[in-house]
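Residue numbering restarts at 1 for every chain, and letters A, B, ... go by the order of the sequence lines.
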There are 2 protein chains.
Amino acid sequence: MARELVRQGGRSARIQKEVHAATHALLARLDRSAITVPMIAEQAGVTPSTIYRRWGDLGSLLADVASETLRPVSDPDDTGSTAGDIEAFVLQYAEEMSSKVGRNLLRDVLSEAEDTAAAKCCRYTYDHLDTIAARASARGEAAVQQDLIIDRVIAPICYHILFGDREITADYCRDLLAALPATHRRPA
Amino acid sequence: MARELVRQGGRSARIQKEVHAATHALLARLDRSAITVPMIAEQAGVTPSTIYRRWGDLGSLLADVASETLRPVSDPDDTGSTAGDIEAFVLQYAEEMSSKVGRNLLRDVLSEAEDTAAAKCCRYTYDHLDTIAARASARGEAAVQQDLIIDRVIAPICYHILFGDREITADYCRDLLAALPATHRRPA
DNA sequence: ACTCTTAACGCAAAGGATTTGCATTAAGGT
DNA sequence: ACCTTAATGCAAATCCTTTGCGTTAAGAGT
């Protein structure tokens, strides 16, 4: 993970953007194992030593980029009901993460010893559930139990993606959702 | 992950053992990020190129060693009841995996693109549950639902270890177990 | 037991990646 | 506008990784 910079404006910010963009571009057309720091540096128009000094090594840079990629661009869909919001969010999460690129992003984020990137990604999930919970309370619906959704739905999805011991289908996700307490699921 | 060797006896086997042992020894006294292939090679008394040719890179070797380390040395404890067996197994799993070394092993195993090591580790868990299930059926107890234990207990434990968003305590594990269907838990 | 084939290894040179010292540039504060 | 120093660029030094070629020994066949 990148250390926090003291100077965040101008050149530093521009270089960070260039390096991230270069990494994306390379990830899009090359296998992860074929990508090197000097390659990224060249594509970004910086010297390798800049990347080494800011990010430490390739793994940290990839983790940083991955956690940035996984940052949600918008709030989860508002379907009108809490159960619907949760289902929509979970299905989208599962689809995104179980794809080949999603699995790679997950791996990059989780394989760093410094778990800043992992914490960031984890927070995105909690944030989405917060948003859904806020809507629920605005509608006067029962409170959303975040932890239960993480433990009973998100966690098994991640487990199977990482260990590769089963396919993540929409039906499987719906089964997980159906096993939640009644306040969190759609009426059957 | 190591490719499968055509010749498995004599020298090859000895070298594999030496390299694994050397990796263990280094892992025990150095930070993972400080370990290199040449270091392992020297400690094992082989040339680096041998390691590169057999394992490909450091990550694959570490994944191989980690999956070997995680191989269980014995069957799960027989506590006399299925619920007891499950609880004992889960608590031990959680303790082993949530420790610093356990977390590192998990990371090493999961960060490889080739998921042979991950599949191996995953299988160990299933095998243990199989053993517990066989005992249950020998005792005439209800069948153990493997998948349910993976999804509802093992998966959340792994999720929180990997993302670092909460401590894994014995109480937390027991809470997960208590939420299982009655046939899988201890009487309250 | 002996031979044969070739997988796996050791060695060393070549090719890259990573680190580091020093000069330069430019953020952010005065 | 000036000053301090964080962050970068450059290049040399170091270390890791790959590769060609000769050697060793595993496993099959006789």
With hydrogens left out and only the distance checked, is there a donor-acceptor pair under 3.5 Å joining B/Ser49's side chain and the base of C/dC11? yes

Expected output is a numbered-order residue list: members of residues 30-45 of chain A with a heavy atom under 4.0 Å from any atom of DNA chain C. What is it? A/Thr36, A/Val37, A/Pro38

Nearest-0.5 Å distance that lies between atom CG in A/Leu162 and atom CE in A/Met97: 9.5 Å

A/Ile51 CD1 to D/dC10 P, straight-line distance once rounded to whole Å: 14 Å

Is the phosphate of C/dC11 approached by B/Thr47 (side-chain N or O, under 4.0 Å from OP1 or OP2)? no

Is the number of heavy atoms from other residues, nucleotides or ligands under 6.0 Å of A/Gln92 CD greater than 12? no

Starting at atom CZ of B/Arg54, determine the distance to atom P of C/dA7, rounded to an integer number of angstrom. 15 Å

Test log, rule salt bridge (charged side-chain N to carboxylate O under 4.0 Å, His left out), inputs B/Glu112 and A/Arg107: CA-CA 8 Å; B/Glu112 284 306 289; A/Arg107 265 195 244 278; over 6 Å; no

When rounded to the nearest 0.5 Å, the distance separating CZ of A/Arg152 from CG of A/Leu180 is 6.0 Å

If only side-chain N and O atoms count, and only distance matters, is there a donor-acceptor pair under 3.5 Å linking B/Ser60 with B/Glu114? no

Whole angstrom is fine here: how far is it from CH2 in A/Trp55 over to P in D/dT8? 7 Å

Is NZ or CZ of A/Arg166 both nearer than 6.0 Å to the six-membered ring centre of A/Tyr172 and within 45° of the ring axis? yes

One character per nucleotide, please: for nucleotides 22-30 of chain C, 5' to 3', B when the base has a protein heavy atom closer than 4.0 Å, S when only the sugar-phosphate does, - otherwise. ---BBBS--

Just the rounded figure in Å: distance from P of D/dG9 to CD of A/Glu18. 11 Å

Between A/Ser81 and A/Glu141, do the side chains contain an N or O donor and an N or O acceptor separated by less than 3.5 Å? no

Under 30°, 30 to 60°, or over 60°: which ring-plane class applies to B/Trp55 and B/His20, parallel, tilted or perpendicular? tilted

